[in-house]
Amino acid sequence: MSTGEDLYSSIKNNVERARALAVTLGEIVGKVVRGIPSRVSSDEMSVFVLIPPDVYYKHKSLGRVGTLLGVVDIKTLNFILLRAVGYERADAASVLYSDASLVNTAETYEDEPGGLMTNVLVKCEMLTKYDVFNGGPAEAADVVIEPQSPAILPRGEVIEKALDLNRGLWRLGYLDSTNDVRVSASFEDLNYHTLIVGTTGTGKTSFIKNLIATAFLLDDKSKITVLDTTGDYYHIFLPPDFSSPAVKESLKTFTGLVGRINGFKVDIVLPVTRAWLRNYADGKGDVISITTAYFNNFVKPIIDYLDKRGVKLYASVEMNTIRVSSSEWTAEARILPFYFKFGAIKGVIHKLNPYFSEQASHFLKILVRKSRDEIRSFQDIIDILESDVAEQLKIHKSTKENIIRGLYLLANTGLFNVRAARIPLSEILKTNRRIVIFDLYNSNLDDFAQKILIYYVLDKIFAFREALLKAGSLSDRAIIIIDEAHKFFPSSKGSEEDTNYVRRVAGKIAYMMRLGRRRRLGFVFATHNPNDLSDIIIQLANNKFLFRIKAEIAESFGLSKAEALTLSREANGIAYYLSPWLRESKIKIRVPIPPPIGHYDLSRE
């Protein structure tokens with residue numbers, strides 16, 4: 001047999017093997033076109049796939065930019081993953097009349113369905129390849145693909161392997177271009193911090209609640225702390241609205257992706273003030289009165305709402321615990337009142353208010369240390385400042401004014417020396433509950449008081465993790481969730497005092513984010529306005545999720561103009577996931593919304 005005949009026989013054998021292999025990897029939808037060369041160069045890695053009209057009409061995903069296809073290369077028999085980047089669709093008339101003037105003359109207004117029975121040309125970029133027979137990890141697709149190689153719509157598991165989309169138990173959602181390709185990350189990625197961006201109502205909060213539920217089900221090493229300033233999280237221990245068709249559909253999706261959740265236990269830290277006790281608890285400060293007031297004012301309205309929709313819950317209050325149960329849900333929330341005791345924190349007063357200038361903080365620290373036994377209140381410090389001590393310490397007038405103004409602001413928060421039950425923060429940090437919510441929303445605190453608490457809590461959490469690290473007992477992961485992050489970690493804009501705040505807070509959060517990784521401390525920030533968020537957070541958050549947002553903002557995160565424009569028009573629950581651990585650095589995902597846990601806003605009812 002001649003060399004030519006041997007080659008022909010070998011190629012023919014590979015054609016048959018490629019087709020047989022393609023059938024096992026997905027559904028054959030076409031072939032690499034014969035009339036246009038495949039190209040691999042330093043500037044281009046493209047291939048054209050020809051799809052017959054019956055197949056094109058059968059699959060809704062065909063015709064959509066971003067659809068994932070695959071081929072089995074006839075020469076190497078490797079599977080190569082492709083992404084559709086363009087389509088060419090023509091009526092049969094355009095083939096018959098190549099001259100535009102002839103087309104215009106021959107065109108009629110009558111429908112000609114037969115004219116649409118033409119092949120579709122798909123331009124694809126090559127993504128990855130892997131050897132199906134010998135195994136091994138997927139690699140970059142760097143080979144020219146043989147014409148006539150069979151093209152397929154790959155099965156979900158084939159795409160997952162080709163893109164290495166299942167890296168761990170943090171189940172994110174599904175690849176947007178398919179119905180069955182799961183996307184997951186490692187919970188270890190959370191140690192490298194996460195930023196979630198999107199306009200209001202696009203799915204940011206639902207995504208965070210999915211994270212909470214997923215971590216509870218699949219990662220017993222994660223302890224989640226939520227700093228709730230929006231009122232979106234304190235009720236997560238309640239069930240979702242099982243009467244809602246949207247919730248039922250989302251629950252089905254989440255269960256298939258992660259598993260079924262039937263409730264959990266949370267701790268709710270409630271900062272209390274004299275005003276709160278007066279307005280909600282008839283001035284009573286015992287733990288039963290506080291818990292009962294919290295239940296009646298903030299939890300029971302949601303239970304009543306569910307009852308009207310046919311979702312029946314049994315609820316009870318015992319000491320500081322709220323319990324809810326039904327045939328589908330069992331959960332409890334422990335209410336932990338908190339406020340500052342002046343005597344316990346006067347030694348760190350200089351660090352408590354981030355609006356203190358550096359000089360003010362420095363001199364206040366010296367002043368308190370020097371007169372510690374005489375100081376029992378904010379007014380004592382102010383009185384000492386008004387004496388000749390300020391002159392003795394050579395405190396500048398503007399620094400003195402900054403200290404006094406900052407002390408008045410602290411005193412007016414109402415968070416000091418409240419006559420009520422109190423759980424020390426040191427005990428709260430040691431709790432065995434895996435979900436802790438600091439409810440700053442129902443505490444009715446103003447923005448300044450919220451900032452003070454957040455700043456203080458973060459400082460204490462970091463110190464607690466540092467102590468565990470030094471003791472060699474750091475075994476779990478701490479995840480801190482902060483929604484509306486731009487309110488607390490703003491960009492450098494505003495007055496001189498705002499500048500002091502921004503500088504101190506930016507320095508603190510940068511320190512915690514950089515050193516937090518070794519301490520297994522990860523931040524999850526969410527914002528609808530990243531332009532007002534500290535650049536430090538944007539730089540140090542390695543995981544980014546972009547939901548629907550203005551195109552120019554999406555571009556600033558690295559999306560192309562076309563991707564950014566498309567994202568600005570996307571439906572709720574669609575997001576770009578950007579990560580250094582992804583093969584492509586970014587992919588588009590679809591997340592289950594609404595979430596599988598409590599998600600209510602009765603102000604809209």
Side-chain angles (χ1 to χ4, degrees), residues 168-170 185-196 208 211-212 214-216 218-229 233 264-269 271 334 336 338 340 344-345 347-348 350-352 354 422-440 450-483 485 488-489 504-526 534 536-537 539-543:
L169 293 176
W170 181 14
S186 169
F187 280 111
E188 291 295 325
D189 294 355
L190 290 166
N191 296 341
Y192 295 85
H193 316 301
T194 302
L195 174 62
I196 304 164
I208 291 173
L211 163 60
I212 294 171
T214 302
F216 181 80
L218 302 181
D219 185 28
D220 58 5
K221 294 296 184 182
S222 287
K223 182 174 180 179
I224 297 174
T225 300
V226 184
L227 302 178
D228 184 9
T229 64
Y233 299 94
F264 46 78
K265 298 177 180 180
V266 304
D267 278 347
I268 298 177
V269 181
R334 199 163 54 185
L336 309 178
F338 174 77
F340 294 114
I345 57 93
V348 295
H350 62 284
K351 296 195 298 184
L352 197 57
R422 175 181 179 269
I423 308 298
L425 189 56
S426 57
E427 290 186 23
I428 293 171
L429 295 178
K430 295 175 183 176
T431 179
N432 58 3
R433 292 279 168 95
R434 291 170 52 202
I435 301 172
V436 179
I437 302 161
F438 282 79
D439 187 356
L440 309 185
Q450 289 184 0
K451 289 177 181 178
I452 295 301
L453 272 169
I454 286 178
Y455 195 70
Y456 180 77
V457 169
L458 291 182
D459 210 38
K460 290 300 181 182
I461 290 176
F462 187 86
F464 181 69
R465 302 295 295 180
E466 179 74 9
L468 290 176
L469 178 66
K470 290 180 178 179
S473 55
L474 192 63
S475 59
D476 63 352
R477 177 184 301 104
I479 304 170
I480 302 175
I481 296 171
I482 307 175
D483 210 337
F488 307 100
F489 308 101
R504 294 191 67 178
V505 169
K508 176 64 70 174
I509 200 65
Y511 178 79
M512 289 183 176
M513 291 178 75
R514 286 193 173 103
L515 299 186
R517 296 168 184 172
R518 186 163 172 246
R519 291 146 184 82
R520 305 193 76 196
L521 172 63
F523 289 91
V524 177
F525 301 99
S534 172
I536 291 293
I537 289 175
Q539 292 167 14
L540 296 181
N542 282 322
N543 310 295

What is the distance from atom CG of L440 to atom NZ of K451, rounded to the nearest 0.5 Å? 13.0 Å

Of all residues at least two apart in sequence or in a different chain, which pass the side-chain contact (heavy atoms from CB on, under 4.5 Å) check with S473? L468, A471

So, using side chain to side chain donor-acceptor pair (under 3.5 Å) as the criterion, who are the partners of D219 when residues are at least two apart? S222, R477

Whether R433 side chain and K265 backbone form a donor-acceptor pair below 3.5 Å: no

Using the side-chain contact (heavy atoms from CB on, under 4.5 Å) rule, pick out the option among L195, I212, I196 that qualifies with V524. I196

If I compare all heavy atoms of L218 with all of L169, which pair ends up nearest, and what's the gap? CD1-O, 3.5 Å

More than 12 foreign heavy atoms under 6.0 Å from OH of Y192: is that the case here? no

For F264, the ring-ring contact (aromatic ring centres under 6.0 Å, His included) test, sequence neighbours excluded, returns F216

Taking all heavy atoms of R520 and all of R465, pick out the closest pair and write down the distance. O-NH2, 3.3 Å

Would a 4.5 Å heavy-atom cut-off, applied to side chains only, mark V505 and F488 as touching? no

For residues 505-518, which residue pairs qualify under salt bridge (charged side-chain N to carboxylate O under 4.0 Å, His left out), counting only residues two or more places apart or in two chains? D459-K508

With rounding to the nearest 0.5 angstrom, report the CD1 to CD1 distance, I224 to I479. 4.5 Å

side-chain contact (heavy atoms from CB on, under 4.5 Å) against A185, all qualifying residues, sequence neighbours excluded: R167, W170, L172, D189, Y577

Could you check if a side-chain atom of I482 sits within less than 4.5 angstrom of a side-chain atom of L458, using non-hydrogen atoms only? yes

dist L227:CG -> Y233:OH (nearest 0.5 Å) comes out at 10.5 Å

Sequence-distant partners of T214, side chain to side chain donor-acceptor pair (under 3.5 Å), two or more places apart: none

Could you tell me which residues satisfy side chain to side chain donor-acceptor pair (under 3.5 Å) with D228, sequence neighbours excluded, listed by chain and number? T230

If you measure from CG on L469 to CG on L521, what distance do you get to the nearest 0.5 Å? 11.5 Å

List in chain and number order the residues that pass salt bridge (Lys or Arg N to Asp or Glu O under 4.0 Å) with E466, two or more places apart in sequence or in another chain; answer none if no residue qualifies. K470, R519

In this structure, CD1 of I345 is separated from CG of L352 (nearest 0.5 Å) by 5.0 Å

Contact summary for P271 and D439, nearest pair of heavy atoms: CD-O, 3.4 Å

Taking C-beta and beyond as the side chain, do T194 and L211 meet within less than 4.5 Å on heavy atoms? no

Please identify each residue that fulfils side chain to side chain donor-acceptor pair (under 3.5 Å) with T431, with sequence neighbours left out. D267, R334

Could you check whether any side-chain heavy atom of I536 comes within less than 4.5 Å of a side-chain heavy atom of Y511, counting everything from C-beta outward? no

So, for F462 and L515, which heavy atoms are closest and what is the spacing to 0.1 Å? CZ-CB, 4.0 Å

Which heavy-atom pair separates L429 from K223 by the least distance, and what is that distance? O-NZ, 3.0 Å

Sorted by chain and number, sequence neighbours left out, ring-ring contact (aromatic ring centres under 6.0 Å, His included) with F523 holds for H193, F525

Between CG on residue N542 and CG on residue L190, distance to nearest 0.5 Å: 11.5 Å

Using the rule given for side chain to side chain contact (heavy atoms under 4.5 Å, CB included), can you reason through I208 versus V226, listing the C-alpha separation, both sets of side-chain angles and the distance that settles it, and then say yes or no? CA-CA 10 Å; I208 291 173; V226 184; over 6 Å; no

